[in-house]
Every structure is written in C-alpha cells, then in structure tokens.
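I have placed the structure first, in the form of structure tokens, so that the comments after it can refer back to it.
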Amino acid sequence: MSFSSQVKEELSRQIHRSRHCQIAEIAAILSFAGKLEETKEDSILRVYTENISLARKYFVLMKNIFQVTICITVRQNIYLHKNRTFVLSLSGKEGVTKILQAVKWHNEKNEDIRSKELVHRILIQKSCCRRAFIRGAFLTAGSISDPEKSYHFEIVCFGEEKAKQLIEIINSFGMEAKIVVRKKNHVVYLKEGSQIVDILNIMEAHVALLELENIRILKEMRNSVNRQVNCETANISKTVSAAVKQLEDINYIKNIRGLDSLPDNLREIALVRIQNPQAALKELGTLLEPPVGKSGVNHRLRKLSEIAEELRKLTSMKP
C-alpha cells in the first residue's frame with residue numbers, strides 16, 4: 001500500500017463527533033466527486049470514486065447524519081481489470097433535497113444556489129469544519145508522494161475559483177499552499193516536508209504524521225552523514241593535492257640548486273616534508289625543532305613554492 005493510500009485509509013476510519021464537521025466533510029466529497037441527476041419523477045445524487053476508503057467514509061457519514069442508505073455498485077473496466085469504480089447512489093426527492101440543502105447546493109425553496117466556488121462559506125466558518133473539509137477534499141481528489149523519495153502533497157481541482165477557495169481554506173492554518181495548472185485542472189500543492197507534516201496534523205492523520213516524521217529524521221541523518229563524508233573527502237583530496245605540489249617544488253629545488261642552498265628553516269621543513277609526504281601541516285609542525293604552528297609551516301612551504309617558481313622561470317629563460 002502506498003503512503004498516500006495509508007493516509008486515506010487512516011482518514012476514512014475517523015468519524016468526527018460534531019454534526020457540522022461531518023456535513024462539511026460530506027460537502028467536500030460532493031464538491032469533488034458528486035453528481036446530481038434530476039428528472040420530473042426523481043432525483044439521484046451520485047458519487048463516483050475508485051477509492052474504497054472514500055466509498056466507506058461517505059457511506060458511514062450519510063448513514064450517521066441523514067439516516068439514509070446509500071446504494072453501492074461497482075463498475076469494472078473490461079480493459080483494465082484492476083480499475084474498479086464505486087458508484088454510491090441515493091435516490092428519492094425528499095432525501096436528496098434534505099442533503100442538498102444541508103450542503104448548501106439548494107436553498108429552502110429548493111433552488112440551485114451553487115457557485116463556481118467549492119463550498120458555501122457558511123459551512124466552513126469554524127476551524128474544525130475547515131479541517132473536516134480539507135480531509136474530505138484530500139480523500140476525494142488528493143495524493144501524497146512517497147516521503148522516502150520526495151515531499152509533495154496535492155489536491156486536484158476542476159476550475160480556478162475552486163482552487164483559489166481551497167488555498168484560502170488551507171492557508172487559513174498558516175500554510176503556504178500554491179496553485180499549478182496541469183492540463184485542464186488547477187492543482188493545489190505543498191512541497192516542503194514541514195508543510196506536509198502540518199497538513200497531516202490539520203487533517204488529524206496522526207499515525208501517518210509520525211511515520212513521516214520518522215522518515216524525515218532518518219533522511220536528515222543520512223544527508224548529514226553524507227555531507228560530512230563529502231566534506232572530509234574534499235579536505236583529504238585538497239591536502240593530498242597540496243602535498244604533491246609541495247614535494248614537486250622541493251624536488252625541483254633539490255635537483256636544480258640543492259637543498260643546502262636553502263636557509264636552515266626552509267631546508268628543515270623541506271626534509272621533513274620529503275620524509276612525511278602524507279602528513280598534514282599541523283603534524284609537520286610538531287616534527288620540527290623547535291615545533292612550529294600550522295601557519296608557520298604553511299608560510300615556509302609557500303616560500304619554497306616561490307623559490308621553485310623563480311627557478312623555473314630562470315630555467316625557461318636559458319637558451
């Protein structure tokens with residue numbers, strides 16, 4: 001089971017005690033997946049989903065709040081055997097009208113009052129109801145990437161106005177959700193790991209939140225170790241390259257003029273470097289008599305490099 005499916009499974013089993021929060025979650029499900037079919041004789045309210053977790057949650061919510069029984073049918077794609085669509089239907093004008101008025105699709109006169117926005121604002125006045133709405137929206141049209149690979153949370157909206165209202169709802173909790181257009185859809189998304197932890201907390205997916213936090217900690221530890229190893233590797237490479245260059249300069253001086261031509265302090269460091277080709281500057285300093293600090297060793301080796309460069313120039317000038 002994917003991480004996204006785990007989150008939805010956890011959320012599908014949470015039934016909030018408050019009636020107004022349950023209605024807000026039903027409103028979210030209907031906003032993203034609901035379809036109203038009306039004739040002179042009957043009204044049918046349907047929800048289409050491939051997610052069994054959503055089908056179960058919607059069935060339970062409708063039973064709890066409106067005491068109606070949803071008819072569930074399963075459609076199987078004959079070409080894609082694994083692709084099942086659950087169709088949850090409620091028929092009967094009286095029952096459907098009661099639900100449409102509760103979710104503010106219709107007013108008391110049974111007139112259609114839906115707008116381009118996702119939900120009537122009276123249903124999401126309370127913080128708890130906004131949490132419930134986000135929960136329902138994610139169950140219906142959302143997904144989260146595998147946190148082992150990347151951090152990405154999204155909910156797909158049909159229409160810019162709907163996406164803008166969803167961002168407003170999510171960002172009311174101090175989030176920084178954004179919109180990207182993908183084909184004909186407007187996708188509301190979060191990218192940072194800390195933001196995804198926060199949205200899981202908002203939706204009250206606490207088990208998934210703890211799992212994500214554990215993954216984030218392990219990833220951060222691995223990244224920290226890798227950074228340290230890379231840093232140490234770079235330092236070793238730099239030290240080795242510097243030592244090789246120093247030995248080249250010393251041997252050049254030795255071959256062209258001889259080390260005896262050098263002042264005592266430079267001859268001493270040259271001999272110590274030849275005898276200890278892999279030693280760090282600090283270690284070289286301890287081998288001198290008297291011992292010299294790292295900066296002093298570096299100064300002497302730099303002088304040897306300057307002498308070697310001058311000899312190379314002189315040598316290249318000779319006919």
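Count residues from 1 along the sequence.
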Exercise. Side chain of T140, backbone of G136: donor and acceptor closer than 3.5 Å?
Worked result: yes
Exercise. When hydrophobic residues are tied together by side-chain contacts of less than 4.5 Å, even through go-betweens, does I15 share a cluster with I52?
Worked result: yes
Exercise. Cluster question for you: counting only ILVMFWY and a side-chain heavy-atom cut-off of under 4.5 Å, with indirect links fine, are I26 and V68 together?
Worked result: yes
Problem set entry | Separation of I274 CD1 from I269 CD1 (nearest 0.5 Å) | 10.5 Å
For this session: Might you point out which heavy atoms bring V87 and S89 nearest each other, and give the distance in Å?
Result: CG1-OG, 3.7 Å
Problem set entry | Backbone of N64 reached by a side-chain donor or acceptor of Q67 within 3.5 Å | yes
Seminar exercise, completed: CD1 of I179 to SG of C157, rounded to nearest 0.5 Å, is 7.5 Å
Problem set entry | Under 3.5 Å donor-acceptor, K104 side chain and L123 backbone | no
Exercise. Just by modelled atom types, is the A279 backbone N or O under 3.5 Å from a matching donor or acceptor in the R273 side chain?
Worked result: yes
Exercise. Closest heavy-atom contact between L90 and T69?
Worked result: CD1-O, 4.0 Å
Problem set entry | Spatial distance of atom CE (M203) from atom CD1 (I134) [nearest 0.5 Å] | 8.0 Å
Exercise. Short question: side chain of S115, backbone of E117 - any donor-acceptor pair under 3.5 Å?
Worked result: yes
Exercise. Which residue pairs satisfy the salt bridge (charged side-chain N to carboxylate O under 4.0 Å, His left out) criterion with at least one member in residues 171-195, sequence neighbours excluded?
Worked result: E154-R182
Could you go through residues 161-173 and list every donor-acceptor pair under 3.5 Å that involves a side-chain atom there, pairing it with any protein atom two or more places apart or in another chain?
{"residue": "K162", "atom": "NZ", "partner": "K116", "partner atom": "O", "Å": "3.3"}
{"residue": "K164", "atom": "NZ", "partner": "E160", "partner atom": "OE2", "Å": "3.3"}
{"residue": "Q165", "atom": "OE1", "partner": "L118", "partner atom": "N", "Å": "2.7"}
{"residue": "Q165", "atom": "OE1", "partner": "V119", "partner atom": "N", "Å": "3.1"}
{"residue": "Q165", "atom": "NE2", "partner": "V119", "partner atom": "O", "Å": "2.9"}
{"residue": "E168", "atom": "OE1", "partner": "R121", "partner atom": "NH2", "Å": "3.3"}
{"residue": "E168", "atom": "OE2", "partner": "R121", "partner atom": "NH1", "Å": "2.8"}
{"residue": "N171", "atom": "OD1", "partner": "A177", "partner atom": "N", "Å": "2.9"}
{"residue": "S172", "atom": "OG", "partner": "R130", "partner atom": "NE", "Å": "3.1"}
{"residue": "S172", "atom": "OG", "partner": "I169", "partner atom": "O", "Å": "2.5"}

For this session: Give every residue pair that meets the side-chain hydrogen bond (donor to acceptor under 3.5 Å, both in side chains) criterion with at least one member in residues 254-264, sequence neighbours excluded.
Result: D264-R267
For this session: For side-chain contact (heavy atoms from CB on, under 4.5 Å), just list the numbers for L311 and E306, CA-CA rounded to whole Å, side-chain angles, deciding distance to a tenth of an Å, and then say yes or no.
Result: CA-CA 9 Å; L311 288 175; E306 292 172 0; over 6 Å; no
For this session: Please examine the side chains of L266 and L259, heavy atoms only from C-beta on, and report whether any two atoms are closer than 4.5 Å.
Result: no
Exercise. Quick one: does E37's side chain have a donor or acceptor within less than 3.5 Å of a partner on R46's backbone?
Worked result: no
Exercise. Is V229 isolated, or which residues cluster with it under the ILVMFWY side-chain rule of less than 4.5 Å, directly or via members?
Worked result: V225
Problem set entry | Side-chain donor/acceptor of N107 to backbone N/O of N110, under 3.5 Å | yes
Exercise. More than 12 foreign heavy atoms under 6.0 Å from CD of Q228: is that the case here?
Worked result: no
Exercise. Between F158 and N185, does a side-chain contact (heavy atoms from CB on, under 4.5 Å) hold up when you go through it step by step?
Worked result: CA-CA 5 Å; F158 301 101; N185 300 322; 3.2 Å; yes
Exercise. Below 4.0 angstrom, N of the basic side chain to O of the carboxylate: do R312 and E309 qualify?
Worked result: yes
Seminar exercise, completed: Minimal heavy-atom distance between S145 and Y151, with the atoms involved, is OG-C, 3.8 Å
Exercise. Is it true that R84 and E50 make a salt bridge, defined as a side-chain N closer than 4.0 Å to a carboxylate O?
Worked result: no
Exercise. With hydrophobic residues grouped by side-chain heavy-atom distances under 4.5 Å, do I72 and M62 end up in a single group?
Worked result: yes
Exercise. What is the distance from atom CD of E9 to atom OG of S4, rounded to the nearest 0.5 Å?
Worked result: 12.0 Å
For this session: Quick one: closest heavy-atom pair of Y58 and I70, and the distance?
Result: CE2-CD1, 4.3 Å
Seminar exercise, completed: Correct closest heavy-atom pair for V47 and G34 would be CG2-CA, 4.2 Å
Problem set entry | E148, CD: over 12 other non-hydrogen atoms inside 6.0 angstrom | yes
Exercise. Measuring from I199:CD1 to I155:CD1, what's the distance to the nearest 0.5 Å?
Worked result: 7.0 Å
For this session: Would you indicate whether K245, at its atom NZ, is surrounded by more than 12 heavy atoms from other residues, nucleotides or ligands within a distance under 6.0 Å?
Result: yes
For this session: Spell out, as yes or no, whether a donor-acceptor pair under 3.5 Å connects the side chain of E10 to the backbone of A208.
Result: yes
Problem set entry | Closest contact, heavy atoms only, S91 versus I44 | CB-CG1, 4.0 Å
Problem set entry | Gap separating the CG atom of L36 from the CG atom of L45, nearest 0.5 angstrom | 6.0 Å
Exercise. If two hydrophobic side chains count as joined below 4.5 Å and joins carry through other members, does V156 share a cluster with V7?
Worked result: no
For this session: Say whether, by atom type as modelled, one donor and one acceptor occur between the side chain of S2 and the main chain of S5 under 3.5 angstrom.
Result: yes
Please set out all donor-acceptor pairs under 3.5 angstrom arising from side-chain atoms of residues 286-298, sequence neighbours excluded.
{"residue": "T286", "atom": "OG1", "partner": "E283", "partner atom": "O", "Å": "2.6"}

Exercise. Under 6.0 Å from the NE2 atom of H299, do we count more than 12 heavy atoms belonging to anything else shown?
Worked result: no
Exercise. Are V244 and L284 connected in a single hydrophobic cluster, I mean Ile/Leu/Val/Met/Phe/Trp/Tyr linked by side-chain heavy atoms less than 4.5 Å apart?
Worked result: no
For this session: Indicate yes or no: at least one non-hydrogen side-chain atom of L54 is less than 4.5 angstrom from one of K8.
Result: no
Exercise. Which of parallel (below 30°), tilted (30 to 60°) and perpendicular (above 60°) describes F138 and F153?
Worked result: parallel
Under 3.5 Å donor-acceptor pairs involving side-chain atoms of residues 211-222, not counting sequence neighbours:
{"residue": "E213", "atom": "OE1", "partner": "R216", "partner atom": "NH1", "Å": "3.1"}
{"residue": "N214", "atom": "ND2", "partner": "L210", "partner atom": "O", "Å": "3.3"}
{"residue": "K219", "atom": "NZ", "partner": "P147", "partner atom": "O", "Å": "2.9"}
{"residue": "E220", "atom": "OE2", "partner": "R227", "partner atom": "NH2", "Å": "3.1"}

